[in-house]
Novice: 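Let me give you the structure first, and then I'll get to my questions.
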Amino acid sequence: MAKDAAGGAWRKRPSTILWMLSLGQLVTWGIVYYTFPLFVVPMTEELGWSRSAMFGALSAGLLTAGLCSIAVGAWIDRGHGRLLMTGGSLLAALFLFLWSRVESLPVFYVLWIGLGACQAVTLYEPAFAVITRVYGPRYKQAILLMTFLGGLASTFGIPFTQFLVERIGWRPALDVLAVIVLGVALMHWLFVPGPEVEPVPIAAAKPPADGAATRSPLALAIRVPAFWGLVVAFAGYGLAFSAMSFHLIPLLDDRGVPTGVVMAIIALIGPMQVVGRVLLMVGQRHITTIQLGALIYFAFPLAMGFLATGITDVYPLILFAVVYGVANGLVTILRGMAVPEFIGPEGYGVVSGALTMPTNVMRAAGPVLASLAWGAFGGYTPVLWGLAGIMLVAAIGFAAAAFLSKRA
């Protein structure tokens with residue numbers, strides 16, 4: 001497609017598809033994923049729900065996203081990316097609209113289970129699967145650009161949504177967000193290729209071994225030892241990332257860090273993700289996927305261990321935010337690149353979905369497990385050391401995947 005469409009309609013050109021999908025990621029991550037905590041306080045004040053009950057709905061949504069990921073990947077491999085991403089955006093807009101009218105906690109859970117399913121068909125993993133069908137062997141450069149723009153999602157979504165909540169209230173704010181997501185649905189319908197478009201192969205398919213011709217790409221992938229190393233690496237990251245995302249603010253608050261400093265540190269992490277991706281775009285010819293993974297999985301436990309030492313001053317916290325933000329920005333790119341390089345080019349969507357499922361399950365568990373650990377140990381310091389240990393295990397998983405992929 002990347003070659004054949006060059007002279008066709010402008011909206012079918014690979015570069016146009018990439019930019020529109022990347023813009024869709026910016027908006028969808030910024031609105032559907034990152035803004036949940038901004039609604040917790042006004043909703044608890046109006047509806048009287050506990051914070052733990054509300055975060056339970058978020059966890060239910062993340063769990064649903066994980067359970068849907070394999071089926072989503074398989075459908076995209078069959079060319080149904082346009083249908084899934086358009087339908088997911090339409091439903092996300094509907095659920096946001098219904099959320100603005102919610103009065104019942106069980107209904108809120110149902111809405112977030114639905115939003116979790118929408119995330120499974122609209123966020124990075126399905127977008128990566130679509131873009132690899134468009135760009136073929138040039139998928140790495142395309143993923144870099146997509147994640148660069150997507151890295152600005154929190155920088156866009158959080159301040160914009162907070163402005164709406166403060167000016168017009170949380171319910172009308174959700175209506176405005178729903179209208180914006182409807183625009184994303186239109187973009188997906190216009191620009192995501194349909195099943196009639198022939199995909200560009202990532203690489204020449206390996207000749208099947210005896211008896212393997214009838215097996216699905218997923219069945220073949222789970223027989224590759226590197227697959228299970230990546231499961232450990234990405235699931236460990238998912239748990240630690242989710243726990244940090246929703247507990248960093250109360251952690252710093254418990255230490256008596258001024259609110260202004262807390263907000264500045266949180267605001268710094270998003271741009272640092274973009275900085276990491278810019279550096280990778282500049283130096284991509286000089287770093288391999290294995291070297292990239294080694295850098296990331298060294299930085300994460302280092303950052304969490306540093307935070308566990310009890311730092312409260314501004315400059316050490318800035319250093320933490322820089323290291324953690326850069327590593328967090330790069331790991332998204334690593335997830336997109338490691339699948340074809342470590343496992344193989346066949347069935348990118350379904351194999352990536354299979355890796356996403358345990359990652360999202362751990363994301364769902366992360367906030368809850370961190371809360372339980374905080375209650376059991378009476379503070380966040382043991383929680384942080386535990387997260388650092390989990391990231392060390394994840395690093396071992398990635399090292400095993402890299403080593404085993406080279407032996408295959």
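Because the structure is predicted, anything quoted here is derived from the model rather than measured.
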Novice: Does any N or O in the side chain of T28 come within less than 3.5 Å of the main-chain N or O of G24, such that one atom is a donor and the other an acceptor?
Specialist: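 Confirmed, T28 side chain pairs with G24 backbone.
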Novice: State the CG-CD distance between L38 and E166, to the nearest 0.5 angstrom.
Specialist: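 Spacing of CG (L38) from CD (E166) equals 9.5 Å.
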Novice: Do you know which two heavy atoms are closest between V393 and V232, and how far apart they sit?
Specialist: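 Between these two residues, the closest heavy atoms are O-CG1, 3.7 Å.
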Novice: Would you verify whether the NZ or CZ of R101 falls within 45 degrees of the ring axis of F97 while also being under 6.0 Å from that six-membered ring's centre?
Specialist: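 Here R101 passes the 6.0 Å and 45° test against F97.
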Novice: Above 12 or not: heavy atoms from other molecules or residues under 6.0 Å from CZ of F298?
Specialist: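 No - once you tally the heavy atoms of other residues, nucleotides and ligands closer than 6.0 Å, there are 12 at most.
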Novice: Please work out which of the three classes, parallel, tilted or perpendicular, describes the rings of W112 and F108, given edges at 30° and 60°.
Specialist: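 Judged by the thresholds at 30° and 60°, the geometry between F108 and W112 is perpendicular.
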Novice: How many angstroms lie between atom CE of M146 and atom CG of L23, to the nearest 0.5 angstrom?
Specialist: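 The CG atom of L23 is 11.0 Å from CE of M146, to the nearest 0.5 Å.
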Novice: Can any side-chain N or O of H188 pair as donor or acceptor with the backbone N or O of M85 at less than 3.5 Å?
Specialist: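 Here the side-chain-to-backbone pair exists.
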Novice: Between atom CG of L251 and atom CG of L307, what is the distance when rounded to the nearest 0.5 Å?
Specialist: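 If I round to the nearest 0.5 Å, the distance is 5.5 Å.
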Novice: Is there side-chain contact between L90 and F95, with heavy atoms separated by less than 4.5 Å?
Specialist: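 They are not in side-chain contact.
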Novice: Side chains of L98 and V102: closer than 4.5 Å at any heavy-atom pair?
Specialist: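 Not touching, per the 4.5 Å side-chain cut-off.
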Novice: For Y124, is there any backbone N or O sitting under 3.5 Å from a side-chain donor or acceptor partner on Q25?
Specialist: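 Confirmed, Q25 side chain pairs with Y124 backbone.
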Novice: Would the F241 and Y324 ring centres measure less than 6.0 Å apart?
Specialist: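 No, the ring of F241 stays outside the 6.0 Å limit from the ring of Y324, centre to centre.
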Novice: Hey, could you give me the CG/CG distance between L317 and L268, rounded to the nearest 0.5 Å?
Specialist: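 Answer rounded to 0.5 Å: 10.5 Å.
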Novice: When you measure from the side chain of S89 to the backbone of T86, do you find a donor-acceptor pair of N or O atoms at a distance under 3.5 Å?
Specialist: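 Not confirmed, S89 side chain does not pair with T86 backbone.
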Novice: Is there a side-chain contact between T161 and L177 in this structure, where contact means two heavy atoms from C-beta onward sitting under 4.5 Å apart?
Specialist: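 A side-chain contact exists here, since the closest heavy-atom pair is under 4.5 Å.
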Novice: Whether the side chain of R171 engages the backbone of S100 through a donor-acceptor N/O pair (distance < 3.5 Å, no angle test) should be reported.
Specialist: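 At least one qualifying donor-acceptor pair exists.
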Novice: Between CD1 of I31 and CD1 of I158, what distance do you get to the nearest 0.5 Å?
Specialist: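 Output value for this atom pair is 12.0 Å.
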Novice: Output, in order, the C-alpha distance, side-chain angles, deciding distance and verdict of side chain to side chain contact (heavy atoms under 4.5 Å, CB included) for V331 and F300.
Specialist: CA-CA 10 Å; V331 76; F300 269 127; 4.3 Å; yes
Novice: If you compare all heavy atoms of V121 against all heavy atoms of G88, which two are closest, and at what distance to 0.1 Å?
Specialist: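 Minimum heavy-atom separation between V121 and G88: CG2-CA, 3.5 Å.
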Novice: Contact between L239 and L387 at the side-chain level, heavy atoms closer than 4.5 Å - yes or no?
Specialist: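 The answer is yes; the side chains approach within 4.5 Å.
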Novice: Of all heavy-atom pairs between I168 and P172, which one has the smallest distance, and what is that distance?
Specialist: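 Heavy atoms only, the tightest pair is O-CG, 3.2 Å.
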Novice: For the pair Y109 (side chain) and A53 (backbone), establish whether a donor and an acceptor sit closer than 3.5 Å, ignoring hydrogens and angles.
Specialist: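 Yes: the side chain of Y109 pairs with the backbone of A53.
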Novice: Can you check side chain to side chain contact (heavy atoms under 4.5 Å, CB included) on I76 and V72, steps first, answer last?
Specialist: CA-CA 6 Å; I76 291 178; V72 170; 4.0 Å; yes
Novice: Given I17 and R13, is the side chain to side chain contact (heavy atoms under 4.5 Å, CB included) satisfied, shown in steps?
Specialist: CA-CA 6 Å; I17 295 169; R13 294 173 185 168; over 6 Å; no
Novice: Closest approach of A153 and W29, non-hydrogen atoms and distance?
Specialist: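 Nearest heavy atoms, A153 then W29: CB-CB, 3.5 Å.
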Novice: Within the 4.5 Å heavy-atom criterion, are V351 and D77 side-chain neighbours or not?
Specialist: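 Result no, sub-4.5 Å side-chain heavy-atom pair not found.
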Novice: Measure the shortest side-chain to side-chain distance between V326 and Q273 over non-hydrogen atoms and say whether it is less than 4.5 angstrom.
Specialist: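 When only atoms from C-beta onward are counted, Q273 and V326 do not touch, as no gap falls below 4.5 Å.
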Novice: Hey, is the main chain of P367 close enough, under 3.5 Å, to the side chain of H247 for a donor-acceptor pair?
Specialist: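 Looks like yes, one N/O pair under 3.5 Å.
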Novice: Apply the test side chain to side chain contact (heavy atoms under 4.5 Å, CB included) to residues T289 and F342: give CA-CA distance (whole Å), side-chain angles for both, the deciding distance (0.1 Å), then the verdict.
Specialist: CA-CA 9 Å; T289 302; F342 287 10; 4.3 Å; yes
Novice: Under 3.5 Å, side chain of N360 to main-chain N/O of L63, donor-acceptor pair present?
Specialist: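 Absent.
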Novice: For residues Y297 and F398, establish whether the separation of their ring centroids is below 6.0 Å.
Specialist: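 Aromatic pair counts; centres sit under 6.0 Å.
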Novice: How long is the gap from CG on N328 to CD1 on I269, to the nearest 0.5 Å?
Specialist: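 CD1 of I269 is found 8.0 Å from CG of N328.
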Novice: Is any side-chain heavy atom of M272 closer than 4.5 Å to a side-chain heavy atom of V323?
Specialist: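 When only atoms from C-beta onward are counted, V323 and M272 do not touch, as no gap falls below 4.5 Å.
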Novice: Does any part of the side chain of R133, heavy atoms only, come nearer than 4.5 Å to the side chain of P193, both counted from C-beta?
Specialist: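 Counting from C-beta outward, P193 and R133 never come under 4.5 Å.
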Novice: State plainly whether the residues E341 and R335 are in salt-bridge range, i.e. N to O under 4.0 Å.
Specialist: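 A salt bridge is absent here (no side-chain N lies under 4.0 Å from a carboxylate O).
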Novice: Looking at C68 and A120, what are the two nearest heavy atoms and their distance?
Specialist: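 Where C68 meets A120 most closely, the heavy atoms are CB-CB, 3.7 Å.
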Novice: Could you tell me which non-hydrogen atom of G81 sits nearest to which non-hydrogen atom of V130, and how far apart they are?
Specialist: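 Result for this residue pair: CA-CG2, 4.2 Å.
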Novice: With distance as the sole test, does Y380 use its side chain to make a donor-acceptor pair with the main-chain N or O of D254 at under 3.5 Å?
Specialist: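 Flag not set: sc Y380 to bb D254 has no pair under 3.5 Å.
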Novice: Check the surroundings of atom CH2 in W75: do more than 12 heavy atoms from other residues, nucleotides or ligands lie under 6.0 Å from it?
Specialist: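 No, CH2 of W75 has 12 or fewer neighbouring heavy atoms, counting only those of other groups under 6.0 Å.
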Novice: Please confirm whether the ring centroid of F191 lies under 6.0 Å from the ring centroid of W19.
Specialist: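 No, the ring of F191 stays outside the 6.0 Å limit from the ring of W19, centre to centre.
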Novice: Might you confirm whether atom CH2 of W374 has over 12 heavy atoms from other residues, nucleotides or ligands at distances under 6.0 Å?
Specialist: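 Not more than 12 within 6.0 Å, no.
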Novice: I'd like to know if the side chain of R277 and the backbone of L144 have a donor-acceptor N/O pair within less than 3.5 Å.
Specialist: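 It does not hold such a pair.
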